[in-house]
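Encoded as structure tokens, the structure appears first; notes follow it.
Quick note: numbers below take in every heavy atom, side chains included, and nothing from hydrogens, waters or symmetry partners. Just so it is clear, the model here is predicted, and its values are computed rather than measured. Below, read A as the first sequence line, B as the second, and so on, with proteins coming before strands; counting in each chain starts at 1.
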Number of protein chains: 2
Amino acid sequence: MEAENPAPKATKPTAAKPKTANPTAANPPAGNQPAANQPAGNPPAEKKKRGRPSRIDLDTLVSVARRILQEEGVAALSMRRVAKEVGATPMALYHHVRDKDELLMLTLAGTADSVPRPELPDDPRDRMLAVAVHMHGTLARMPWVVEVLSLGDLTDKGALWMVEEIIDCCLASGLTPAGAVAAYRTIWHCVYGELVFRQAMARRAEEPDRVRHFPDMLTDADADELPHMTALAGRWLELTAAYDVSVQLGAVIDGLLRAGERG
Amino acid sequence: MEAENPAPKATKPTAAKPKTANPTAANPPAGNQPAANQPAGNPPAEKKKRGRPSRIDLDTLVSVARRILQEEGVAALSMRRVAKEVGATPMALYHHVRDKDELLMLTLAGTADSVPRPELPDDPRDRMLAVAVHMHGTLARMPWVVEVLSLGDLTDKGALWMVEEIIDCCLASGLTPAGAVAAYRTIWHCVYGELVFRQAMARRAEEPDRVRHFPDMLTDADADELPHMTALAGRWLELTAAYDVSVQLGAVIDGLLRAGERG
DNA sequence: ACCTGAACACCGTTCAAGT
DNA sequence: ACCTGAACACCGTTCAAGT
């Protein structure tokens, strides 16, 4: 019954083949959303290809999706919405991307290159701090990227120089390759986590009639078990607002590098 | 026209009043999902209240929602699904919760108390590391909580002892109150970030025919600009799998405490 | 007070058919 | 090869009405 594999040629298309060869190469930096602002109904008919000119192509799809994301966030992005904006049926998109998830990942390509690289100090410790702060600052100005990034990691080739720099600094400071990769990840977690909760707080602040759980849930009866929390409750917003990403990342980096020296 | 506020009594219900007085108090620890496993069509009729006995009450709503979340994740939770499982119309739920977001927040109450508190060492540094590792380990076993937590912070009163402990250790180590709160947040970012990407990696591993962006996107031509990345590309999965949360959190905590000593 | 029924304005995706 | 039309199986939520 299940003897040898029959006809290994191409009888059963394994459904695995991705539709885009190399998305990052096919989708150059794009500066700051080139001309995606006009209503995309009729694309400029000046690109000459043989055969029937397809009404929509992957680049415009991704551009339109990216614009929706940065103007209205991930919640506003739907296949139907993109289809409407390019003047096509929802199902037309599925000829260019496998599904919504693939379209989302493609929107990340080029975002890192849309921002100029900063000058970096030479000292490894200061250098990796500068890179980490730059990562954070860039993403703070692109909230939609943070939302999309939770689906996966490292999809934009233009962002790899930052990873390279941080790992280079770690190695220069004496960490092992494994330690350097781990240190990079920890730094990334700090950056990413801060952005997620900063954005969550911003969203909550927009709907003020929502139940506030903390610190409103604390009563005087909690002072026994939670003395510091009750004491700090009144200042909590002020204290969290004073959070300094640069200072915290500096401390984290110092800890990671010192652990490498000892290990 | 817009003179003095008319009739400050209760003429216009300001739509702000939350429907649950104190969700955490109204919803005790609940151990490990008490008896939410039987089909919840007919609730046990042994609770005697006056007036028409409501067919559904908030507690069963939250229990059912929590079960769906931990069995199938946030994507599977919908108001309609919960309604069906309690044997009611979708709209019946809106008499007990304001919207889906409120229901999600309510599911968090009691989750921290469902896990026993660990023994903690006395030394502040070791103590806060133990708490952080406990946070991470607990949430690693409750992926749905991580997903819901991105909507906000600190909604489960039973989780506050961990924040209290970490802040207490920071203060005992000489940090200022502001420094202690900041240090807690940084530790939380590390814990949370690790969990998000661990889960994202697990999700991606489940659908293996998806495009892998990294490190597959790297070619030999990138060796100039990204020497470490190309060199480490082959070992990347192995290296990230070797990530040790406890070691990393230890280094982060050391860095944070030392920064406090100097500051 | 608590719940139902119908409706509105959406989703992602499959499938068969058109050119 | 590229796209359409209709359909499937869903969403969260509003509104008017029932008891």
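Atom CG of residue A:Leu139 and atom NE2 of residue A:His134 lie 9.5 Å apart, to the nearest 0.5 angstrom. Rounded to the nearest 0.5 angstrom, B:Arg204 CZ and B:His213 NE2 are separated by 6.5 Å.
Set against D:dG12, C:dG5, C:dG12, the side chain of B:Ser78 has D:dG12 as its closest nucleotide. Closest approach to the A:Arg81 side chain among C:dC11, C:dT4, C:dT13 is made by C:dC11 (side chain taken as heavy atoms from C-beta onward). Distances were taken from every side-chain heavy atom of A:Met79 (C-beta onward) to each of D:dT4, D:dT13, C:dG12; the shortest belongs to C:dG12. Comparing D:dT14, D:dT13, C:dG12 against the side chain of B:Met91 picks out D:dT14 as the nearest.
A salt bridge links B:Arg67 and B:Glu85; the closest N-O separation between the charged side-chain nitrogens and carboxylate oxygens is under 4.0 Å. Under 4.0 Å is where a charged nitrogen must lie from a carboxylate oxygen, and between B:Arg203 and B:Glu206 no such pair does.
Atom pair B:Leu104:CG and D:dG12:C1' shows a separation of 12 Å (rounding to whole Å applied). Whole-Å rounding puts the B:Arg98 CZ to D:dT14 P distance at 10 Å. D:dC11 atom P lies 12 Å from atom CG of B:Leu93, rounded to whole Å. The distance from atom NZ of A:Lys100 to atom C1' of D:dC10 is 14 Å, rounded to the nearest whole Å. In this structure, A:Arg80 atom CZ and D:dA9 atom P are separated by 15 Å, rounded to whole Å. For the pair B:Leu103 CG and D:dT13 P, the computed distance is 10 Å after rounding to whole Å. Spacing between atom CG of B:Asp101 and atom P of D:dT13 amounts to 9 Å, rounded to whole angstrom units. When the C1' atom of C:dT4 is taken as reference, atom OH of B:Tyr94 falls 15 Å away, rounded to whole Å.
A ring-centre distance under 6.0 Å is found for B:His189 and A:Tyr243.
Of the possible polar contacts, one joining the B:Asp99 side chain to the B:Glu102 backbone as a donor-acceptor pair under 3.5 Å is found. A distance-only check finds no donor-acceptor pair linking the side chain of A:Lys157 to the backbone of B:Phe214 [under 3.5 Å].
Put simply, A:His95 has no side-chain N or O that comes within less than 4.0 Å of OP1 or OP2 on D:dT4. Checking the phosphate oxygens (OP1, OP2) of D:dA1, no side-chain nitrogen or oxygen of A:His96 falls inside 4.0 Å.
Straight-line distance between the C1' atoms of C:dA9 and D:dC10: roughly 14 Å, to the nearest whole Å.
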If pairs are Watson-Crick or G-U with both distances under 3.5 Å, what is the dot-bracket string of DNA chain D, marking crossing pairs with [ ] and pairs to another strand with |?
||.|||||...|||||.||
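Between A:Ala76 and B:Ala92, the one whose closest nucleotide on DNA chain C sits nearer the 5' end is B:Ala92.
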